[in-house]
Novice: 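First the structure, which I've put down as C-alpha cells, then a few questions once you've had a look.
Labels below follow one simple rule: chain letters A, B, ... track the order of the sequence lines, proteins then strands, and each chain is numbered from 1. Model, not experiment: these values are computed from the prediction. Atoms considered below: every heavy atom in the structure, side chains included; atoms not considered: hydrogens, waters and symmetry mates.
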Amino acid sequence: MFDEKAQLHTLEGVAASVILLLVIIYAIDATSMTPLTASTSSTHVEYELQTLGEDILNTLDYSEPGYSSKLKNDIARWDGKEHIWTGSDYKEKGGTVLLNNNLTEILKKTLVKRGIAYNVELTFLDNSTLILDTLNMIYNGDPSNNAVIVSRKIVLQDTDMVSPYNPIGDIDLPTNLHSIVDVKLVMWRM
Amino acid sequence: MGIVQNMEAQFMLLAGFIIAIGLVITTVLLNSIIFEGNMAIEGGSELSKDEITNLLQITRDEVKSAYTNSTALGVTKDNAITNFTRQLNNFSANLSGVFAIHGESVNLTWDIENWNSSIYANFTENGMPAGTADWTVIEGVRNTTIFEFSSVGIYDYFLINVTNSSARLWSMNITTSNISIFNKTGDNTIYPFNSYIDVLNSSYQFNTNTLNEVYNINFIHGNNSWGRFAIEGNNTIYYKKFIRKRDFILNATPIFSTSRLIANITIPVSVPW
C-alpha cells in the first residue's frame with residue numbers, strides 16, 4: 001500500500017519533535033547558572049571562596065628571616081584535640097578547653113563574619129607506618145558538595161615542636177626534620 | 001481558483017527544513033568537540049600556581065633549616081655537609097609521600113658547590129653577582145647587637161651606608177686596601193683593610209653615631225664584593241628582633257611530575273637566612 005499522506009505526516013511529526021527538543025535545550029541553557037546567579041553552587045562563589053582561603057593561608061604563612069610563620073607556630077603548638085566553633089569560641093570536642101591561636105583569630109575575622117562554614121584538617125605522614133594520616137583541628141560538620149579546599153604545606157623541625165601532646169610524630173629521627181604537614185582549609189556556603 | 005494539491009513540493013520543503021536543522025546540530029556538536037579537544041591536558045590535576053609557590057617556599061625553608069642545623073658550633077665543614085645532605089635526602093623522600101596524595105611525584109636535587117668550594121655570596125640583594133647592587137638591608141632599626149663581615153673580598157669598593165629619615169648618620173667604605181669611616185659630622189677616619197670586620201668595634205664609631213636614632217642599613221655597590229655577613233638587632237616595629245645573615249647561595253631544584261609532564265625549577269637559596 002502506497003500512501004503519501006502517511007509519509008508526510010510521519011515526516012512532519014519528526015520535524016515537530018526535533019523543534020520541540022531544540023526549544024527545550026535552548027530554554028534549559030538560557031535559564032542555567034550564570035556567574036551572577038544567586039546560588040551557592042555557582043563557580044563564581046567557589047572561586048571567591050578559594051581566593052579568600054588562599055589569602056588566609058598566605059597571610060599566616062609569612063615569616064621574617066630567622067622566625068617561624070604564625071601558621072607553623074599554630075601547628076607546632078597544637079595539642080591534637082578536635083575543636084568545634086560554639087558561636088563565640090573554639091571549644092574542645094567533649095571538653096572545655098578553648099583553642100586560641102593565630103588561625104582561630106583570623107578565621108573569626110573572616111569566615112565566621114561572612115557566614116562561611118569551614119573545617120581545618122591536618123594531613124601528615126605517620127612516623128611509624130609512613131602512611132598519610134588526617135586529623136581535624138577544627139571541625140564544623142560535613143562539607144557540602146560544592147565545598148572548596150585550599151591547602152598549604154609546612155615543614156616542621158624538631159626545634160619547632162613545643163607541645164608534648166602534638167600527634168605529629170618525628171618522621172626523621174637522626175636529623176632535625178620533624179614532619180611535613182598539609183594544612184587544609186575546607187570552606188563551604190551554608 | 002482552487003488550492004493546488006502538490007505533495008512533492010511539501011516533501012521538498014520538509015526535507016529542506018530537516019536538513020537545515022541537521023546542519024545546526026552538526027555545527028554545535030563539532031564546536032563542542034573542538035573546544036574539548038583543545039582543553040589543556042590534565043589541566044585539572046596539574047599543580048596550581050599556589051601549589052608551586054608553596055613547593056618553592058618549603059624547599060627554600062628546608063634548605064635554610066638544614067644549613068642552620070648542620071652548621072652548629074664545633075662541627076667541621078665535612079660533617080656539616082654530611083648532615084645537610086642527610087636531612088635534605090630525608091626531606092626529599094618524605095615530600096614525595098605527601099604529594100602522592102594529589103597524584104603527583106616530587107623530588108628534590110640540590111647543588112652545594114658554592115659551600116664546598118667556599119665561594120661566598122655577593123653583597124647584592126639576592127646574593128648573586130647580577131643582583132641589585134644598591135639595596136636596603138633593613139629599615140627602622142632601633143639598635144644593632146651584631147654587625148659582622150667575614151671572608152670579605154673586594155674587587156673595587158663596597159659601601160655600607162646608615163641613614164635616618166633625613167640624612168646619612170654613618171658610612172663605611174671598604175676598598176681593597178683600606179676601610180674608610182665617615183661619621184655623622186662628616187669626619188673621615190681610615191683603617192687598614194681586613195677580611196674580618198666587626199662593625200660594632202668602638203673604633204669604627206658605629207654605636208656613637210647611631211645612638212637614639214631610628215635608621216636604615218644600606219649596602220651600596222654589592223655586586224663587586226663578596227663574603228659573609230651577619231646583622232642582628234631590634235626593630236622599631238613592635239620592638240621585634242631582626243636577623244639578616246648570609247654565607248652562601250645554594251641552588252635547589254624541585255622536580256615535579258605527573259603521568260604526562262615533568263617540570264623543574266631551580267631556585268637560589270640564601271643561607272642561613
Novice: Are the side chain of B:Asn143 and the backbone N or O of B:Gly233 linked by a donor-acceptor pair below 3.5 Å?
Specialist: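 Not at all, since once roles are kept as given, no pair shorter than 3.5 Å links the two residues.
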Novice: Would you please indicate yes or no on a ring centroid separation below 6.0 angstrom for B:Tyr215 and B:Phe147?
Specialist: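 Distance test on ring centres: not under 6.0 Å, no.
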Novice: Chain B heavy atoms under 4.5 Å from A:Leu22: which part of the residue, side chain, backbone, both or neither?
Specialist: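 For A:Leu22, side-chain heavy atoms alone lie under 4.5 Å from chain B.
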Novice: Would you compute the distance between atom CD1 of A:Ile56 and atom OH of A:Tyr118 and round it to the nearest 0.5 angstrom?
Specialist: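 If we round to the nearest 0.5 Å, A:Ile56:CD1 and A:Tyr118:OH are 9.0 Å apart.
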Novice: Is the backbone N or O of B:Ile249 less than 3.5 Å from a side-chain atom of B:Asn114, with the two atoms forming a donor-acceptor pair by type?
Specialist: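 Indeed, once roles are kept as given, a pair shorter than 3.5 Å links the two residues.
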Novice: I need the B:Tyr120 OH to B:Arg228 CZ distance, nearest 0.5 Å.
Specialist: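 Nearest 0.5 Å value for the OH-CZ distance: 4.0 Å.
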Novice: Measuring heavy-atom distances to chain A, does B:Phe17 have an atom under 4.5 Å in its side chain, in its backbone, in both, or in neither?
Specialist: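 Contact with chain A involves the side chain of B:Phe17 alone.
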Novice: Which residue out of B:Asn90, B:Ile243, B:Ile21 racks up the most heavy-atom pairs below 4.5 Å with chain A?
Specialist: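 The candidate making the most pairs under 4.5 Å is B:Asn90.
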Novice: Between atom CD of A:Glu92 and atom CD of A:Glu82, what is the distance when rounded to the nearest 0.5 Å?
Specialist: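 Going from CD on A:Glu92 over to CD on A:Glu82, the span is 10.0 Å.
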Novice: Do you know which of B:Asp61, B:Val24, B:Ile25, B:Asn69 has the most heavy-atom pairs under 4.5 Å to chain A?
Specialist: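 So the answer, after comparing B:Asp61, B:Val24, B:Ile25, B:Asn69, is B:Asn69.
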Novice: Do any side-chain atoms of residues 106-117 of chain A form donor-acceptor pairs under 3.5 angstrom with protein atoms, and if so which ones, sequence neighbours left out?
Specialist:
| from | atom 1 | to | atom 2 | distance (Å) |
| --- | --- | --- | --- | --- |
| A:Thr110 | OG1 | A:Ile106 | O | 2.7 |

Novice: Side chain, backbone, both or neither: which part of B:Leu95 has a non-hydrogen atom closer than 4.5 Å to chain A?
Specialist: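 For B:Leu95, heavy atoms of backbone and side chain both lie under 4.5 Å from chain A.
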Novice: Select, from A:Asp61, A:Leu130, A:Val14, the one with the greatest count of heavy-atom pairs under 4.5 Å involving chain B.
Specialist: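 Of the options given, most contacts go to A:Asp61.
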Novice: Taking A:Asn58, A:Val155, A:Val18 one by one, which has the highest count of heavy-atom pairs under 4.5 Å against chain B?
Specialist: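 Winner by heavy-atom pair count: A:Val155.
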Novice: Keeping B:Asn31 on the side-chain end and B:Thr27 on the backbone end, is there a donor-acceptor pair under 3.5 Å?
Specialist: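 Pair absent, no side-chain N/O of B:Asn31 close to backbone of B:Thr27.
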Novice: Please determine, among B:Arg86, B:Glu232, B:Lys245, the option with the most heavy-atom pairs under 4.5 Å with chain A.
Specialist: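 Heavy-atom pair counts peak at B:Arg86.
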Novice: Taking only residues two or more places apart in sequence, or in another chain, which ones meet B:Tyr67 in a ring-ring contact (aromatic ring centres under 6.0 Å, His included)?
Specialist: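 Partners of B:Tyr67 by the ring-ring contact (aromatic ring centres under 6.0 Å, His included) criterion, ordered by chain and then number, come out as B:Trp115.
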Novice: Could you pull out all residues at least two apart from B:Phe91 that satisfy ring-ring contact (aromatic ring centres under 6.0 Å, His included)?
Specialist: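 B:Phe91 satisfies ring-ring contact (aromatic ring centres under 6.0 Å, His included) with no other residue.
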Novice: Pick one of side chain, backbone, both or neither for B:Ile58, based on which atoms fall under 4.5 Å of a heavy atom in chain A.
Specialist: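 Looking at B:Ile58, backbone and side chain both touch chain A.
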Novice: Chain B contacts: which residues in residues 170-186 of chain A have a non-hydrogen atom closer than 4.5 Å to it?
Specialist: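 Residues of residues 170-186 of chain A touching chain B at under 4.5 Å: A:Ile171, A:Asp172, A:Pro174, A:Thr175, A:Asn176, A:Leu177, A:Ile180, A:Asp182, A:Lys184.
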Novice: So, taking the atom named NZ in A:Lys153 and the one named CD in B:Glu51, what distance separates them when rounded to the nearest 0.5 Å?
Specialist: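 Here the interatomic distance stands at 5.5 Å.
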Novice: Can you say whether B:Asp50 sits under 4.5 Å from chain A via the side chain, the backbone, both, or neither, judging by heavy atoms?
Specialist: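 For B:Asp50, the side chain is the part near chain A, not the backbone.
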Novice: Please look at A:Leu11 and chain B and tell me whether the side chain, the backbone, both or neither of the residue comes under 4.5 angstrom of a heavy atom of that chain.
Specialist: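 Its backbone and side chain both get close to chain B.
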